[in-house]
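Everything on this sheet refers to the single structure shown next.
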Amino acid sequence: MSEQNIPYEQSELYRLRHSAAHVMAEAVKELFPEAKLAIGPPIEDGFYYDFDLGKDENGKARTFTPEDLEKIELRFKELLKQNAKFEQYTLTVEQALVHFADQPYKLELIRDLAAGKVDEMGNPTTEPAQEVGIYQHRQFIDLCRGPHVGYTSQVRANAVKILRASGAYWRGDEKNPQLQRIYGTAWPNKVELDDYLKRLEEARNRDHRRLGKQLGLFHISQLVGSGLPLWLPNGAILREELERFLRQAQLDRGYLPVITPHIGKLDLYITSGHYPYYKDSQYTPIDVDGEQFMLKPMNCPHHIEIYKSESRSYRDLPLRLAEFGTVYRYEQSGELTGLTRVRGFTVDDSHLFVTPEQLEAEFIGVVSLIQHVFNTMGFHDFRARLGTNDPESDKYAGTPEMWAQGIKAIRQAADKVGMNYTLEVGEAAFYGPKLDFIFRDVLKREWQLGTVQVDFLLPQRFDLEYTGEDGQKHRPVMIHRAPFGSMERFVGILIEHFNGAFPLWLAPVQVMMVPITDRHNEYARQVAQELRAAGLRVQVDESDDRMNKKIRNAQLQKIPYMLVVGDKEAEAHGVAVRTRTGEDRGTVAVAAFKAQALILTTGKSMEL
RNA sequence: GCCAACGUAGCUCAAUCGGCAGAGCAAUGCUUUUGUAAAGCAUAGGUUAUGGGUUCAAGUCCCAUCGUUGGCUCCA
């Protein structure tokens with residue numbers, strides 16, 4: 001029977017993994033009797049369990065060594081095979097507090113349940129609990145609402161694997177103690193486990209960092225600095241194509257280009273509120289003749305100053321200022337990853353200054369532009385998230401009215417275009433709610449790419465105004481938006497999406513000429529020149545490699561077309577077309593190849 | 001920033017218990033003139049991330065720093 005339509009939380013696989021987590025914890029408890037248990041839920045593709053192993057003799061937190069993990073895995077598998085039944089029962093809160101007296105994390109969970117605050121995953125509970133759910137197998141007793149499989153042996157010992165250990169803060173808060181987390185995976189059988197491990201291996205092969213090196217797209221130099229990628233020629237060509245595409249789409253939609261500098265006075269960011277708010281993740285200000293300058297962490301204040309450079313009338317609005325603006329943020333060192341999380345990056349930024357009446361239509365216009373961008377890239381696998389403020393938190397500026405108004409505008413616009421989204425409290429920008437477009441990399445990590453944000457706050461902070469039809473001063477609303485998000489991150493995801501085999505219009509080298517012997521080099525150069533004149537990116541492989549090797553090299557570079565030329569082709573003014581998909585199309589006239597290639601590039605086709 | 005693992009030639013990796021730093025690919029030179037995924041031979045390439053320490057002897061053991069990777073936290 002197919003489980004495809006059952007939510008994961010109710011699936012057999014979920015029970016299996018939840019049960020695996022318990023048995024693994026049992027193994028840990030055997031090998032480390034002093035270990036304190038935290039939580040151990042199933043997650044996508046597996047499960048984890050968090051432990052506090054106490055301190056070593058130097059007062060440092062005890063951690064799992066790779067040898068510990070081996071022992072745990074061995075014992076884990078033995079315990080699965082030594083069949084035991086999972087028994088479920090409930091204890092009153094009082095009984096549970098006694099039973100878990102030496103398990104401080106469990107006590108905290110029980111007390112929170114009893115107080116009706118939050119459950120073990122931090123989700124609010126509806127009412128105070130009188131009793132708590134317990135699952136027991138053998139002597140291992142855990143606070144748990146299940147569900148589990150019936151017997152431990154239903155989790156196949158040859159279909160589980162311990163993957164890694166890492167630190168993880170108790171309840172995800174860095175102010176709390178750091179626990180030792182063990183990640184594992186569990187599948188119904190060995191075949192599915194092996195499939196999963198193979199998928200992981202394949203994912204590593206399409207990792208943008210690996211492909212970026214292989215295809216000469218970008219390089220990160222220690223001497224330049226962490227998180228400051230250098231775009232190599234192939235990467236720069238790709239990025240410029242993307243920028244050209246979006247620039248044109250924006251011009252078509254009435255955006256106006258602007259260009260602003262990379263630094264700005266500290267006061268600018270104090271006014272905007274960015275500096276106080278993000279102080280810790282900004283590069284230290286530069287002192288110039290006693291004045292403080294920031295590397296810009298955001299483009300909005302600069303664009304706002306452009307808005308303010310002249311008096312504005314309602315006739316000027318909506319004013320859509322766009323720039324590929326490079327910003328610098330001092331991200332925590334542990335966060336940096338290839339192109340997807342960097343310290344210097346370029347936002348395809350735009351700020352729309354609109355009247356309140358125009359807000360919805362402009363928001364819809366932005367969403368449709370983003371849809372156009374994603375459709376062109378063939379991106380369909382993403383989710384949209386409406387990030388709102390958390391009223392409990394003090395990190396959001398502005399009035400409740402502003403927030404309500406912004407959220408309402410986004411909801412109405414999204415509903416009108418039929419966009420599905422999830423609402424997530426506490427995911428807003430400090431100045432306003434936003435609709436984010438979230439993608440996953442090959443390792444299933446989520447990244448925000450496109451974003452649209454509604455902002456009533458900065459217009460107020462900078463005292464923006466326009467003269468209305470009524471001759472009175474009014475305050476505009478701002479929309480911040482970026483379809484790609486960051487060029488770096490977008491290209492990182494793009495590389496993985498296409499596994500480095502970019503559509504023709506984006507391919508850094510579109511055509512590789514493959515002369516069969518060096519007496520064909522001259523003809524290959526002629527054809528290359530002819531194709532370049534038509535705007536195609538063509539290289540000639542004049543190395544003294546044999547033809548087979550030239551083809552192999554072009555294949556490895558994932559170049560869309562290899563044009564083999566020998567005596568036959570030179571005579572007929574033709575080329576023998578081979579695609580990177582391995583297809584041999586035989587000899588065609590140069591003019592015919594050129595015409596066909598141009599149709600595909602101008603149409604931004606996914607086909608070859 | 002926190003926890004852990006890792007850092008050897010441009011790239012991918014080897015070097016047993018602490019005992020002469022190696023291979024393939026790439027590069028360079030020569031030979032070969034080739035019809036759809038790797039021709040042959042040769043040459044060159046290293047302060048083993050950096051700085052200290054232990055030792056007769058350190059790529060290998062210890063300490064610190066930097067960086068990378070996987071998590072955690074953060075992400076305007």
Side-chain angles (χ1 to χ4, degrees), chain A residues 48 50 60-66 68-69 163-183 204 207 209-210 213-214 219-223 225-227 269 272-275 277-278 280-282 296-301 327 329-338 341-342 347 349 395 397 427-432 434 436 443 445 447-448 451 453 455 458 480 482 486 489 514-521 543-556 562-569 576-580 582-587:
Chain A
Y48 67 80
D50 286 346
K60 254 192 93 194
R62 172 86 166 82
T63 59
F64 291 112
T65 65
D68 293 336
L69 293 184
L163 296 175
R164 59 180 164 267
S166 75
Y169 300 107
W170 167 238
R171 297 203 142 169
D173 187 337
E174 66 180 328
K175 291 183 206 76
N176 286 336
Q178 191 164 45
L179 307 172
Q180 301 307 311
R181 174 171 298 179
I182 300 181
Y183 283 95
R204 279 190 275 273
D207 189 312
R209 291 165 295 191
R210 182 186 163 92
K213 193 177 280 183
Q214 211 169 297
H219 173 67
I220 295 174
S221 147
Q222 283 196 28
L223 199 54
S226 296
Y269 302 102
S272 71
H274 288 105
Y275 182 71
Y277 197 80
Y278 293 104
D280 293 340
S281 47
Q282 292 178 358
K296 75 174 166 188
M298 263 313 235
N299 298 305
C300 22
V327 298
R329 301 177 184 172
Y330 194 78
E331 305 288 1
Q332 298 190 93
S333 58
E335 269 306 332
L336 303 176
T337 296
R341 190 75 187 266
V342 292
V347 184
D349 218 347
K395 70 177 223 183
E427 292 293 339
F430 77 87
Y431 48 73
K434 54 178 185 158
D436 290 329
L443 299 172
R445 293 178 291 208
W447 301 100
Q448 173 198 312
T451 183
Q453 307 165 357
D455 179 7
L458 293 184
H480 308 236
S486 114
R489 181 175 288 181
V514 179
I516 289 176
T517 76
D518 54 13
R519 74 171 181 276
H520 304 113
N521 286 355
S543 67
D544 49 9
D545 288 326
R546 297 171 67 183
M547 182 201 67
N548 287 298
K549 183 64 173 291
K550 292 176 185 177
I551 287 174
R552 177 181 155 82
N553 286 340
Q555 282 288 151
L556 292 174
M562 285 145 266
L563 301 185
V564 179
V565 291
D567 293 335
K568 269 192 301 185
E569 287 74 19
V577 179
R578 180 195 161 102
T579 67
R580 68 180 165 208
E583 189 188 347
D584 180 354
R585 293 193 180 155
T587 302

Quiz prompt | Same-atom distance (P) from B/C75 to B/C61, integer angstrom | solution = 39 Å
Quiz item: Which whole number of Å gives the distance between the C1' atom of B/C74 and that of B/C2?
Solution: 12 Å
Self-check item: Donor-acceptor pair present, A/R62 side chain and B/C3 base, under 3.5 Å
Solution: no
Quiz item: What do you reckon, do A/Y278 and the base of B/A76 stack, with centroid distance below 5.5 Å and planes below 30°?
Solution: yes
Quiz item: Angle class for the A/Y277/A/F430 ring planes (parallel below 30°, perpendicular above 60°, tilted otherwise)?
Solution: parallel
Quiz item: Whole Å only: how far is the CG atom of A/D280 from the C1' atom of B/A76?
Solution: 14 Å
Quiz item: What residues, two or more places apart in sequence or in another chain, satisfy side chain to side chain donor-acceptor pair (under 3.5 Å) together with A/Q453?
Solution: A/Y431, A/T451
Practice problem: Output the single nucleotide from B/G71, B/G1, B/A76 whose closest atom is nearest the side chain of A/M298. | Solution: B/A76
Quiz item: Between B/G1 atom C1' and A/N176 atom CG, what is the distance in whole Å?
Solution: 16 Å
Practice problem: Using side-chain contact (heavy atoms from CB on, under 4.5 Å) as the criterion, list what pairs up with A/S486, not counting sequence neighbours. | Solution: A/F345, A/E488, A/R489
Quiz prompt | With sequence neighbours excluded, residues passing salt bridge (Lys or Arg N to Asp or Glu O under 4.0 Å) with A/R580 | solution = none
Self-check item: d(CG, A/D50; P, B/G71) in whole Å
Solution: 15 Å
Quiz item: With a 4.0 Å cut-off on heavy atoms, is A/F64 in touch with a base, just the backbone sugar-phosphate, or nothing at all?
Solution: nothing
Quiz item: Which residues pass the salt bridge (Lys or Arg N to Asp or Glu O under 4.0 Å) test with A/R445, sequence neighbours left out?
Solution: A/D441
Quiz prompt | Any A/T63 side-chain nitrogen or oxygen under 4.0 Å from OP1 or OP2 of B/C3 | solution = no
Self-check item: Euclidean distance, atom CG of residue A/L179 to atom P of B/C3 [Å, nearest integer]
Solution: 13 Å
Quiz item: How is A/Y277 classified with respect to the nucleic acid when contacts are heavy atoms under 4.0 Å: base, sugar-phosphate, or nothing?
Solution: nothing
Quiz prompt | Contact under 4.0 Å: A/K175 side-chain N or O vs B/C74 OP1/OP2 | solution = no
Quiz item: When you check the phosphate oxygens OP1 and OP2 of B/G70, does a side-chain N or O of A/S166 lie under 4.0 Å from one of them?
Solution: no
Quiz item: Looking across every strand, which nucleic acid part, if any, lies under 4.0 Å from A/Q453 by heavy atom: base, sugar-phosphate, or nothing?
Solution: sugar-phosphate
Quiz item: Among all residues two or more places apart in sequence or in another chain, which pass the salt bridge (Lys or Arg N to Asp or Glu O under 4.0 Å) test with A/R519?
Solution: A/D567
Quiz item: Excluding sequence neighbours, so at least two apart, what forms side chain to side chain donor-acceptor pair (under 3.5 Å) with A/T587?
Solution: A/E569
Quiz item: Can you name the residues that form a salt bridge (Lys or Arg N to Asp or Glu O under 4.0 Å) with A/R204, not counting sequence neighbours?
Solution: A/E201
Quiz item: Hey, is the side chain of A/S226 poking within less than 4.0 Å of OP1 or OP2 on B/U68, counting only N and O atoms?
Solution: yes
Practice problem: Using the P atom on both, measure B/U69 against B/C13 and round to a whole Å. | Solution: 14 Å
Quiz item: Roughly, in whole Å, what's the span from CD in A/Q332 to C1' in B/G70?
Solution: 16 Å
Exercise. Please list, chain by chain and in numerical order, all residues satisfying side chain to side chain donor-acceptor pair (under 3.5 Å) with A/Q214, sequence neighbours excluded.
Key: none
Exercise. Name the nucleic acid region contacted by A/R341, choosing base, sugar-phosphate or nothing; use a 4.0 angstrom heavy-atom cut-off, strictly under.
Key: base
Quiz item: Would you say the base of B/C3 and the side-chain of A/Q180 have a donor-acceptor pair closer than 3.5 Å?
Solution: no
Quiz prompt | Distance-only donor-acceptor test, A/Y169 side-chain atoms vs B/G1 base atoms, 3.5 Å | solution = yes
Self-check item: RNA chain B base-pair string [pairs: Watson-Crick or G-U under 3.5 Å; |: paired with another strand]
Solution: (((((((..((((.....[..)))).(((((.......))))).....(((((..]....))))))))))))....
Quiz item: Which residue lies toward the 5' end of RNA chain B, A/A168 or A/E427, if each is placed at its nearest nucleotide?
Solution: A/A168
Quiz item: Is there a donor and acceptor pair, one atom on the side chain of A/S281 and one on the base of B/A76, closer than 3.5 Å?
Solution: yes
Exercise. May I ask you to test the A/Y278-A/M298 pair for a side-chain heavy-atom distance under 4.5 Å?
Key: no
Quiz item: Taking the P atom of each, how far is B/G7 from B/A27, in whole Å?
Solution: 28 Å
Quiz prompt | Nearest-angstrom distance, C1' atom, B/G67 to B/U31 | solution = 44 Å
Quiz item: Looking across every strand, which nucleic acid part, if any, lies under 4.0 Å from A/R585 by heavy atom: base, sugar-phosphate, or nothing?
Solution: nothing
Exercise. Using the C1' atom as the reference point in each nucleotide, state the distance between B/G1 and B/G59 in Å, no decimals.
Key: 31 Å
Every protein N/O within reach of nucleotides 7-12 of chain B N/O, cut-off under 3.5 Å:
none

Quiz item: Touch check for A/K395, heavy atoms < 4.0 angstrom, all strands: base, sugar-phosphate only, or nothing?
Solution: sugar-phosphate
Quiz item: How long is the line joining CZ of A/R181 and P of B/G71, in whole Å?
Solution: 11 Å
Exercise. Could you grab the distance from atom SG of A/C300 to atom CG of A/D349, nearest 0.5 Å is fine?
Key: 6.5 Å
Quiz prompt | A/L179 side, atom CG; A/D50 side, atom CG - distance, nearest 0.5 Å | solution = 5.0 Å
Quiz item: Tell me, do A/Q180 and A/R62 make a side-chain contact under 4.5 Å, heavy atoms counted?
Solution: no
Quiz prompt | With sequence neighbours excluded, residues passing side chain to side chain donor-acceptor pair (under 3.5 Å) with A/N553 | solution = none
Practice problem: Answer with base, sugar-phosphate or nothing: what part of the nucleic acid does A/L336 contact at a heavy-atom distance below 4.0 Å? | Solution: sugar-phosphate
Quiz item: What is the distance from CG of A/L163 to P of B/C3, rounded to the nearest Å?
Solution: 22 Å
Quiz item: With the sugar-phosphate defined as primed atoms, P, OP1 and OP2, and the base as all remaining atoms, what B/S/- string results for nucleotides 34-39 of chain B, 5' to 3', for protein heavy atoms under 4.0 Å?
Solution: BBBBBB
Exercise. To the nearest Å, give me how far apart CG (A/D68) and P (B/A4) are.
Key: 12 Å
Exercise. With C1' as the reference atom in both, quote the distance from B/G19 to B/A58 in angstrom, rounded to an integer.
Key: 10 Å
Quiz item: Looking at A/R209 and A/D207, does any basic side-chain N land under 4.0 Å from a carboxylate oxygen?
Solution: yes
Self-check item: P atoms of B/A4 and B/A9, separation to the nearest Å
Solution: 27 Å
